[in-house]
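Numbers restart at 1 for each chain; the letters A, B, ... are given by sequence-line order, proteins then strands.
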Amino acid sequence: MPEPQREPTFYTRVYEVVRRVPRGSVVTYGQVALICGSPAAARAVGYALNALDGSDDTIPWWRVVNAQGRISLKGRGAAADLQRALLEREGVAFDGDGRIDLRERRWWPET
DNA sequence: AGCCTGACTCAAA
DNA sequence: CTTTGAGCCAGGC
């Protein structure tokens, strides 16, 4: 029998990683890419999350921010406000420039 | 198959 | 501080 199913796709890996991010913590796109095996595939991570489009509420997409600790949905308006609201509700604080203190909020999987 | 785009990131100027 | 270019992956035409 030929291979019934190949390794999980990049999307799948992204979802699995994001799903493990605990409440009140955040990760960066680059981090997720690294965990998925492609250190420089941060763009694909964003693309994967974009593909969710709210159809998968089991994935805390709002806990993913860019490397500067800021929300990358700046150009999408409503979604950006939603993300910030959701994070603040989990206890994640933003400074005057809309940045999160990654030194304290960054989550990292256990090897 | 090729080319373009995008919720990204980093280094260099 | 800002701007530019290159690298990465998947999807649509």
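- A:Arg70 has its CZ atom 15 Å from the C1' atom of B:dT9, to the nearest Å.
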Test A:Trp108 against A:Gln31 for side-chain hydrogen bond (donor to acceptor under 3.5 Å, both in side chains), laying out the working first. CA-CA 8 Å; A:Trp108 196 261; A:Gln31 230 184 300; over 6 Å; no

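- In this structure, OG on A:Ser38 lies 14.5 Å from CZ on A:Arg43, to the nearest 0.5 angstrom.
- A:Asn66 comes within contact range of the sugar-phosphate backbone alone, with a heavy-atom separation under 4.0 Å but no base atom that close.
- For the pair A:Gln68 CD and B:dT9 C1', the interatomic distance rounds to 9 Å; values are reported in whole Å.
- Partner of A:Val64 under the side chain to side chain contact (heavy atoms under 4.5 Å, CB included) criterion, out of A:Val17, A:Ile71, A:Val14, A:Val18: A:Val18 alone.
- Between the OH atom of A:Tyr11 and the C1' atom of C:dG11 there is a distance of 6 Å, rounded to whole Å.
- Within 6.0 Å of CZ on A:Arg89 lie no more than 12 heavy atoms contributed by other residues, nucleotides or ligands.
- When every heavy atom of A:Leu87 is checked against every heavy atom of A:Phe94, the shortest pair comes out as CD1-CZ, 3.7 Å.
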Sub-3.5 Å pairs of nitrogen or oxygen atoms, protein against nucleotides 7-9 of chain C:
{"residue": "C:dG7", "atom": "O6", "partner": "A:Arg43", "partner atom": "NH1", "Å": "2.9"}
{"residue": "C:dC8", "atom": "O4'", "partner": "A:Ala40", "partner atom": "O", "Å": "3.3"}
{"residue": "C:dC8", "atom": "O2", "partner": "A:Ala40", "partner atom": "O", "Å": "3.3"}

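- If you take CD1 on A:Ile100 and OG1 on A:Thr28, they are separated by 11.0 Å, rounding to the nearest 0.5 Å.
- In this structure, A:Tyr15 atom OH and C:dA10 atom P are separated by 12 Å, rounded to whole Å.
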